[in-house]
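A quick note: this is a predicted structure, and the numbers were derived from the prediction, not measured. We use all heavy atoms of the structure for the numbers below, so side chains are in, but hydrogens, waters and symmetry mates are not.
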Amino acid sequence: MRRKIFAGNWKMNYTVKETREFFSAIEGKIPAAKSGCEFQLYVPALSLTIALDLGKKSGITIGAQNVHWETKGAFTGEVSGPMVKEIGVNQVLVGHSERRQHFGETNTTVAKRCSSLLKQGFNVLVCIGETRAEREAGKTNTVLRQQLMALFHEGEHHCGSYLGKSLHVAYEPVWAIGTGLTATPEQAEEAHQEIRTVLTKSVSEEASKATSILYGGSVTPANFAELLKCENIDGGLVGGASLKPQDWLALAQILQS
Ligand code: 13P
C-alpha cells in the first residue's frame, strides 16, 4: 500500500547554524518511522550537507527544494542534479507554488524538471494547487487537471512510468499556504479524490493507488490528525510548523498514530 509521509518544507529559513540547533532540539525524541511511514525534510541548498549528516542518524529523508532540469551549463544561481546527488540527496521537491508565483515556474518547466530528475534517479514530490481566484471562479478541478496533464500527456516529458514509484504528489491550495486558512478535511479530500481520478485516467489505476498524495497549507499539530483521516490524504507537506521542533515532533507522532 502507499506510504504515509510527513514532509517539512523549510523554504528560505534557517542558516547552517540554525539547522544544527534544530536537529539538536529533536535529537533522541524522533519517533522511529514505522514501516510504510516516512519523514522528509526539504531544506535550503546550503544546509543540505549538514542536514544529510544529522538527518541520517534520525532516519529523516533530506530533500532539495528545487533543482534545475539541465545537468550543467550557463544557468547562474541554479543547482543541478549531479551536484546534489554527489552529496547524497535522493529526494527533490518540484513545482512549489512559490516557485510558480515568484520565479516564473510554469506547468511546462515543472514537467521538464520532473522528467529530468526522475530520469536521473531522484524521487520527486511534485506540488500542484489552485489560487484563491481560481477556486472562487469554480476552476479548481480544471487547474488541477491541467497541472497534472502537463506531466502525463505523451511527449518528451512524460512522467507516467514513475508515478507511484519515485513520483508522488502534494496538493497545496495556494490560498491556504502560510495564511492559517487550512482547507477543511472535506475540501482537501474532494481535491485529493479528483487528483486520484485524474491519475487513474491518465496513467493507470495501479499507479494511482500507489501514489501518496500529501496535503499542504497551514497544517499544524491541531489539524493534521483530522486531515489524515480522509481516505485519499496520505500525509502532509508542512511549512511554518515544520520549523518548530516541538511541532515537528508532534506532526511526526500524529502521522504514525
Ligand atoms: P504553511 O504550512 O506554512 O502553510 O506552508 C505550506 C507549504 O507551502 C509547504 O510547502
Stepwise side chain to side chain contact (heavy atoms under 4.5 Å, CB included) check, Arg20 with Ser24: CA-CA 6 Å; Arg20 270 205 196 90; Ser24 44; 5.7 Å; no
Parallel, tilted or perpendicular: ring planes of Phe6 versus Phe39, cut at 30 and 60 degrees: perpendicular
Parallel, tilted or perpendicular: rings of Tyr215 and Tyr171 (30°, 60°): tilted
Are the side chains of [Y] and [X] in contact, using a 4.5 Å heavy-atom criterion?
X      : Y      : answer
His168 : Leu214 : no
Val110 : Arg100 : yes
Leu199 : Phe152 : yes
Glu226 : Thr182 : no

Considering residues at least two apart in sequence or located in another chain, which fulfil the side-chain hydrogen bond (donor to acceptor under 3.5 Å, both in side chains) criterion with [X]?
X      : answer
Ser208 : Thr200
Ser115 : His157
Arg2   : Asp234

Residue from Glu172, Gln65, His102 passing side chain to side chain donor-acceptor pair (under 3.5 Å) with His96: Glu172
Given Glu70, Glu105, His68, the one that forms side chain to side chain donor-acceptor pair (under 3.5 Å) with Arg113: Glu105
Residues Thr142 and Gln146: side-chain donor-acceptor under 3.5 angstrom: no
Distance-only side-chain donor-acceptor flag, Asn232 / Glu189, under 3.5 Å: yes
